[in-house]
K.L.:
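To start, I am sharing the structure in question, which I have written as structure tokens.
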There are 4 protein chains.
Amino acid sequence: MKSQRSNSRNEALLRAAAELFASQGFNATSMRDIAKAVGMLPGSIYYHFPSKDDLLLAIYEAGVEQITTTFEAAIDSEDPWQRLQAGTSALIRAVSEESAYTRVIFKVTPDEVPRYRLELITLRDAFEAKFKVLVDDLPLQPWVDKHLLRLMILGAGNHAQLWFSPRGGRSADEIGEQFCRFVKEAAST
Amino acid sequence: MKSQRSNSRNEALLRAAAELFASQGFNATSMRDIAKAVGMLPGSIYYHFPSKDDLLLAIYEAGVEQITTTFEAAIDSEDPWQRLQAGTSALIRAVSEESAYTRVIFKVTPDEVPRYRLELITLRDAFEAKFKVLVDDLPLQPWVDKHLLRLMILGAGNHAQLWFSPRGGRSADEIGEQFCRFVKEAAST
Amino acid sequence: MKSQRSNSRNEALLRAAAELFASQGFNATSMRDIAKAVGMLPGSIYYHFPSKDDLLLAIYEAGVEQITTTFEAAIDSEDPWQRLQAGTSALIRAVSEESAYTRVIFKVTPDEVPRYRLELITLRDAFEAKFKVLVDDLPLQPWVDKHLLRLMILGAGNHAQLWFSPRGGRSADEIGEQFCRFVKEAAST
Amino acid sequence: MKSQRSNSRNEALLRAAAELFASQGFNATSMRDIAKAVGMLPGSIYYHFPSKDDLLLAIYEAGVEQITTTFEAAIDSEDPWQRLQAGTSALIRAVSEESAYTRVIFKVTPDEVPRYRLELITLRDAFEAKFKVLVDDLPLQPWVDKHLLRLMILGAGNHAQLWFSPRGGRSADEIGEQFCRFVKEAAST
DNA sequence: AATGAATGAGATTTCATTCAT
DNA sequence: TATGAATGAAATCTCATTCAT
């Protein structure tokens, strides 16, 4: 986070920007769009955030914090397989429904914002590391490459942003269950 | 395809644009960039293609054709599990190494180009439909939702564009094998 | 009217644009020309007006309002022949000397601006309809086609933009008088 | 006329350009449009005419020649009033129906083509001078300003390009008759 | 805290024209 | 005669950003 001052308008600004970034993408959203959504003029945004890039960075931070909290709360089981499934379902919810903050993380890729590319990657990684623990805790047969397994689940979950629909089709829980079942049935010791 | 004329420079143009779109993204690449890469002035591009959007459309078309060919050639086995694995490996190669044309398909999303959004989606779908056949041919236990399975594999493969490296780490074949092994061991009848 | 914000610079912009459109034509005037005339950069104009076309639309609106006011004030006589003559003279002044706003209406034709073609035609018609009343009020012999008469006068007046000169030659009043005299002497009952 | 070589394609070129200039205007017509209409490529036009401006100049020349011929043929009566009426009707036909060459003269104004502005004005004047003779021959009462009378008729006729329709409404002959009747009834000695 | 006005850099696109072949 | 390819200048417009008030 680079600079921020008040708090009341600040949140409204972030929320509006997140909503727009998540639905239209970063480039397709102009400062004018954001300003209009929150009822101020473009120039006024700069009192709160020094640049458009910083807006995104702040959203990423808030998003990672949020998804981490949600994620931690979800994986409260003792059983590592239950935990994996709960985490996967949480990921699917995060990329689709739920708060715009989390959706932004999966919609806007770090290299759309060269200036903060590394910071954004670091933030993303902070979340993805949670999955590392989940996978490491699994009792798996020796042929499994845990690194690849983690990437497979992350990729599958990430992709859900393109097709998951909260109503109609399966629930996030059902999808998480299905994804993990392949792994469990195949590779559990 | 909207309009195209010669062939020599045309291909050079497409190749250069594809390379840039694949590495920097569509929005971050200007017509100036493309022109410079191919050694002409920005305005000259318009002799060959009527707009930047059409350039992308042509690349998508070439990319889908290419990946389809590669894909078809790869899945030549009799065994459906072999076929799935070969297809998955081909997907991973397509999103990472190989020609820029195919990489563009997975890097540039249809809603970055509203004018051709539907055409691009249709082209993408044309490729993804190939996977439907692969999955449908598998002898699977009844608990498997083939639709979700297809999306899982596509998502996992797609995601490889972010982390796959041709040298260092595992090969595309190894990764495809690993991904499919979960499914086969878990759900083969 | 599509969009407008302040008022001080706004008017200066309209005035400058009107002057240029009236003297050089719409196509021959660039946004750069207008910007230079008013002392800002081309891009800055877009803070005040969303496009060049909208600039013209606003000028047309102001012009029609202005000419209507002038026109109404001119035709204050009781005698219908006096009124016709006053109206004709007012038209001649409008197409030649006087404010640039009104000159634009007769210099720039609606189909130079396809996007607002219909709006411009409607605005023009709003003024030309005033003439209809003038002609309808005349006591004319039955052989007169009032519709054609109106068009004849409008055409003659319109054409004055090409040759009328405020100094040297006859005044607008004299010309209006001469034009109308033909009609009155020939067709008055 | 600046330069011209062959003759077969030349005429097709002029005809196509005239049609486009007359219907869309000079600025709104591109060399590409013209080339397409005649089945060649833009660059090929330059074998026949050195520039777009020269194309217009040639059309103007052809148009003036044509209208002059038509006009002379029309005013074959002995009676000066008959001659005026025939000339006026010919003008109305020229600005509306009939050949595109003549329509261009009344649609495209000289200052749309600064380079040949004077030449175009001269050509126009060459035609308008014909009207001078017509008017000068009329037996008119002393209050008539022949110069203004000529401009009035030219203006009224010119304006017909905006509203005259060959089918529906009155014929060019009827309109010419009506216009001239005012003058004759009012000012004939 | 916010506004109104403007900047300045750059984007895509258009188009008359040129010229080797 | 004509083509294919390209030029180069200019046009309209967008947008993140600045800054005095």
Side-chain angles (χ1 to χ4, degrees), chain A residues 5-10 13 27-35 38-55 115, chain B residues 5-10 12-13 27-35 38-55, chain C residues 5-10 12-13 27-35 38-55, chain D residues 5-10 13 27-35 38-55 115:
Chain A
R5 304 198 198 181
S6 93
N7 228 336
S8 54
R9 303 295 263 145
N10 242 335
L13 215 34
N27 278 296
T29 302
S30 70
M31 292 299 262
R32 236 185 220 6
D33 293 337
I34 299 168
V38 80
M40 40 167 80
L41 294 184
S44 309
I45 299 176
Y46 291 82
Y47 181 80
H48 303 278
F49 292 90
S51 78
K52 192 186 175 188
D53 292 353
D54 284 275
L55 260 174
R115 182 151 130 235
Chain B
R5 307 201 195 183
S6 89
N7 235 340
S8 52
R9 299 296 267 150
N10 231 324
L13 250 168
N27 278 295
T29 303
S30 72
M31 293 300 263
R32 233 187 271 294
D33 293 338
I34 298 168
V38 81
M40 43 167 81
L41 295 183
S44 306
I45 298 176
Y46 291 81
Y47 177 75
H48 303 277
F49 293 90
S51 76
K52 191 186 176 189
D53 291 352
D54 283 273
L55 216 35
Chain C
R5 306 198 197 185
S6 92
N7 235 339
S8 52
R9 301 295 268 149
N10 232 323
L13 250 167
N27 278 295
T29 302
S30 72
M31 292 301 263
R32 234 187 269 292
D33 293 338
I34 299 168
V38 79
M40 41 167 82
L41 296 182
S44 306
I45 298 176
Y46 292 83
Y47 176 76
H48 303 278
F49 293 91
S51 77
K52 191 185 175 189
D53 292 352
D54 283 275
L55 216 36
Chain D
R5 308 201 193 177
S6 89
N7 227 337
S8 54
R9 303 293 265 148
N10 242 338
L13 215 35
N27 279 295
T29 302
S30 70
M31 292 299 263
R32 237 186 221 2
D33 293 336
I34 299 167
V38 80
M40 43 168 77
L41 294 184
S44 309
I45 298 176
Y46 291 81
Y47 181 81
H48 304 277
F49 293 90
S51 78
K52 192 185 175 189
D53 292 352
D54 284 275
L55 260 174
R115 181 151 130 234

K.L.:
Could you tell me the separation between the CE atom of B/M40 and the C1' atom of F/dG4, rounded to a whole number of Å?
P.N.:
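In whole Å, F/dG4 C1' lies 12 Å from B/M40 CE.
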K.L.:
May I have the distance from C/H48 (atom NE2) to F/dC13 (atom C1'), rounded to whole angstrom?
P.N.:
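These atoms are roughly 15 Å apart.
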K.L.:
In Å, rounded to the nearest 0.5 Å, how long is the span from OH of B/Y46 to CG of B/L41?
P.N.:
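Reported value, rounded in 0.5 Å steps: 13.0 Å.
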K.L.:
Which atoms form the tightest heavy-atom contact between D/A35 and D/P42, and what is the distance?
P.N.:
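Closest pair (atom of D/A35, atom of D/P42, distance): CB-N, 3.5 Å.
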K.L.:
How long is the straight-line distance from CZ of C/R9 back to OG of C/S44, given to the nearest 0.5 Å?
P.N.:
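Going from OG on C/S44 over to CZ on C/R9, the span is 9.0 Å.
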K.L.:
Could you encode protein contacts along nucleotides 13-19 of chain E as a string, one character per nucleotide from 5' to 3', using B for base contact, S for sugar-phosphate-only contact and - for no contact, with a heavy-atom cut-off of under 4.0 Å?
P.N.:
BB-SBB-
K.L.:
Atom CD1 of D/I45 to atom C1' of F/dG4: distance rounded to whole Å?
P.N.:
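Nearest whole value for this atom pair: 15 Å.
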K.L.:
Return one dot-bracket line describing DNA chain E 5' to 3' (Watson-Crick or G-U wobble pairs, both distances under 3.5 Å; ( ) same strand, [ ] crossing, | another strand, . none).
P.N.:
.||||||||||||||||||||
K.L.:
Which distance, rounded to the nearest 0.5 Å, do you find between the CG of B/L55 and the CE of B/M31?
P.N.:
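Those atoms lie 5.5 Å apart.
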K.L.:
I need the C/N10 CG to C/Y47 OH distance, nearest 0.5 Å.
P.N.:
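With rounding to 0.5 Å, CG (C/N10) is 9.5 Å from OH (C/Y47).
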K.L.:
Rounded to the nearest angstrom, tell me the gap between atom CG in B/L41 and atom P in F/dG8.
P.N.:
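Going from CG in B/L41 over to P in F/dG8 covers 6 Å.
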K.L.:
Specify the separation, in whole Å, of atom CZ of B/F49 and atom P of F/dG4.
P.N.:
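One finds 16 Å between P of F/dG4 and CZ of B/F49, rounded.
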K.L.:
Taking atom C1' in both F/dT21 and E/dA1, compute the distance separating them and give it to the nearest angstrom.
P.N.:
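One C1' to the other, the span is 13 Å.
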K.L.:
To the nearest 0.5 Å, how far apart are NZ in A/K52 and CD1 in A/I45?
P.N.:
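Taking NZ in A/K52 and CD1 in A/I45, the distance rounds to 10.0 Å.
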K.L.:
Report yes if a side-chain nitrogen or oxygen of B/Y47 is closer than 4.0 Å to either non-bridging phosphate oxygen (OP1 or OP2) of F/dA5; otherwise report no.
P.N.:
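Yes, within the criterion.
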K.L.:
State, to 0.1 Å, how close C/F49 and C/D54 come at their nearest heavy-atom pair, and which atoms those are.
P.N.:
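Looking at all heavy atoms of both residues, the shortest contact is CD2-O, 4.4 Å.
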K.L.:
Can you tell me how far the CG atom of D/D53 sits from the CZ atom of D/R115, to the nearest 0.5 Å?
P.N.:
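If we round to the nearest 0.5 Å, D/D53:CG and D/R115:CZ are 4.5 Å apart.
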K.L.:
Figure out the CG/C1' separation between D/L13 and F/dT1, and round it to whole Å.
P.N.:
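Checked: the CG to C1' distance equals 12 Å.
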